[in-house]
Amino acid sequence: MKFEDMKKIWDEQREEHVYVINEQQLHENIKARKQGASRMVNKIELFLLAVNGITGATLITLNYLDRSGDVLFGTLMGLFLLGVAVFILARRRKRLRHENRFDRTMLGDINHAIENATYQVRLSYAMLLTVVPVFAIAFLGAWKEGKSPLVLGFIAIMFVLAFLLGRWEHRGLHVARKKRLEAIREKLTSEN
Amino acid sequence: MTAQEQESIFHDWLGKHKGVLFKIIRAYAFEEEDRDDLFQEISLQVWRSVPSFKGNAAVTTWLYRIALNTAIRWKGKERRHADRTSPLQPTMPVLQEDNRELDERIEWMYREIGRLNEVDRSLCLLLLDNFSYKEMADIVGISESNVAVKIHRTKRQLSEKSKDTDL
């Protein structure tokens, strides 16, 4: 059968009668999906902003007030965490500005989705990195207070678990999604 | 634009052009649950896109672009997994299949279109719905020559497949 014959068959279909739409339910589901998607990203961003911002500011303040010991490590760590918080804040503002942006072409939209996916990858990576200083602070604090090896071991195990879970989310979810979008872009633009 | 105006335009588009959306969900999703899910996802994107529509293109062209773009990125199982891990209640289905006789030839075409890769599927649907190469190139964002190459491959693939069927 030639493609032109298929086209004739295609033109015969009355597709609008295939389904009946429950419009009331559709309205409710759209509302739920819209809120659900932005609520999840919002929560992660706000959580990371709070953890990085508060921990960073606390570290810098404590090291500034008590300069009796080695303050370099703590201050640098605090500055790093504040830097992460500023990065998240800037990206969040950009994300909110472009949330409902639609490009003129499918390729443009894919590029925009890749840009968002790159942001998610960086965000999850930042979350992964945040685990390290939080662990270091908790572990050193417990060690200085002379906690038992059992407590120190528990903190270390929790750190490993949190790190592995974060890495799974980073690679399995965000990096994989970005790769899938890049593969679609490749299919769109490839000349064969 | 007020929320009410957005809502009104969305329902107007849905009423007039739902056939376009149904074609796309049938080409990209193959189980009832998946079709329902994809339809809801496309509807959400169409609803969101209403304020961005400036009237430079026909509504059908706009809808095709939004819907195809959502469909090529959509993954049914991933979405359902996300729903399970989300605190939201699972949503109720919105589509009910009409109990009419299905045309075997159309069913065969959807099956074969569904076997093409995501991008070729989009171009095939646009071609079947009378879009020119120039319009397809504008919707997808690639060159006309690239569209021609992909369309040529798709036509050949579908014609080859039709040899194995009695339709």
Side-chain angles (χ1 to χ4, degrees), chain A residues 1-37 39-40 43 99-113 173 176-177 180-181 183-192, chain B residues 7 11 14 18-20 22-23 26 35 39-41 43-44 47-49 51-52 56-57 65-66 68-69 72-73 75 86-89 91-98 100 103 105-106 109 117-120 122 127-129 138-142 145-146 149 153 155 158-159 162-163 165 167:
Chain A
M1 183 164 37
K2 285 183 180 169
F3 189 80
E4 286 64 33
D5 300 321
M6 293 181 208
K7 172 90 179 64
K8 282 178 195 155
I9 299 170
W10 186 261
D11 289 340
E12 286 171 22
Q13 66 178 319
R14 302 279 299 153
E15 197 64 33
E16 62 271 29
H17 300 306
V18 178
Y19 297 102
V20 178
I21 305 170
N22 180 341
E23 296 221 11
Q24 181 58 35
Q25 192 60 51
L26 178 65
H27 176 80
E28 282 167 25
N29 291 5
I30 283 180
K31 224 164 64 180
R33 275 177 189 239
K34 187 175 173 283
Q35 285 168 351
R39 194 163 50 190
M40 187 69 89
K43 267 185 187 170
E99 200 169 42
N100 284 336
R101 194 185 81 176
F102 289 87
D103 199 87
R104 206 178 53 80
T105 64
M106 286 168 69
L107 184 61
D109 274 339
I110 288 284
N111 282 333
H112 182 50
L173 227 65
R177 182 166 172 269
R180 194 162 63 81
L181 288 168
I184 293 172
R185 180 169 63 184
E186 175 61 26
K187 280 181 199 162
L188 270 176
T189 52
S190 74
E191 292 279 349
N192 49 47
Chain B
E7 191 74 24
H11 282 289
L14 198 62
K18 59 189 172 196
V20 167
F22 292 161
K23 281 179 195 170
R26 288 184 74 189
R35 284 179 177 164
F39 180 75
Q40 290 186 42
E41 198 55 38
S43 299
L44 170 63
W47 182 82
R48 272 183 167 156
S49 80
S52 306
N56 300 332
R65 197 182 59 65
I66 302 286
L68 287 174
N69 200 33
I72 62 173
R73 284 153 52 182
K75 267 182 91 179
S86 117
L88 290 169
Q89 292 293 317
T91 51
M92 295 287 290
V94 299
L95 291 181
Q96 197 184 347
E97 203 166 352
D98 201 0
R100 66 185 180 121
D103 185 329
R105 299 167 310 163
I106 301 282
M109 283 185 74
N117 78 42
E118 307 97 315
V119 174
D120 290 350
S122 293
L127 183 71
L128 285 167
D129 274 348
D138 285 344
I139 291 172
V140 179
I142 57 176
S145 61
N146 197 352
V149 170
R153 180 179 58 207
K155 281 184 172 177
L158 288 177
S159 294
S162 72
K163 288 177 188 165
T165 175
L167 298 171

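Protein chains get the first letters and strands the later ones, always in sequence-line order, with residue 1 at the start of each.
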For the residue pair Tyr19(A) and Phe22(B), categorise the inter-ring angle as parallel (less than 30°), tilted (30 to 60°) or perpendicular (more than 60°).
-> perpendicular
Does Arg73(B) offer a backbone N or O that forms a donor-acceptor pair with the side chain of Arg180(A) under 3.5 Å?
-> yes
Distance-only, no hydrogens or angles: does the Asn146(B) side chain make a donor-acceptor pair with backbone N or O of Thr189(A) under 3.5 Å?
-> yes
Looking at Asp129(B), Leu44(B), Asp120(B), which one has more heavy-atom pairs under 4.5 Å with chain A than the rest?
-> Leu44(B)
Any idea which of Ile139(B), Asn117(B), Ile72(B) has the most non-hydrogen atom pairs under 4.5 angstrom with chain A?
-> Ile139(B)
Turns out that what part of Glu186(A) lies under 4.5 Å from chain B's heavy atoms comes down to neither
Using non-hydrogen atoms and a 4.5 Å limit, figure out which bit of [X] sits close to chain A: side chain, backbone, both or neither.
X	answer
Val119(B)	side chain
Leu127(B)	both
Ile142(B)	side chain

Pick whichever of [options] has the most heavy-atom pairs under 4.5 Å with chain B.
options	value
Asp5(A), Leu188(A), Ile184(A)	Leu188(A)
Leu107(A), Asp11(A), Leu181(A)	Leu107(A)
Lys2(A), Gln24(A), Glu23(A)	Glu23(A)

Drop me the distance from Phe39(B)'s CZ to Leu14(B)'s CG, to the nearest 0.5 angstrom.
-> 5.0 Å
Should the heavy atoms of other residues, nucleotides or ligands under 6.0 Å from CD of Glu7(B) be counted, would the total exceed 12?
-> yes
Before accepting this row, confirm whether a basic side-chain N of the pair Arg35(B)/Glu97(B) lies closer than 4.0 Å to the acidic partner's carboxylate O.
-> no
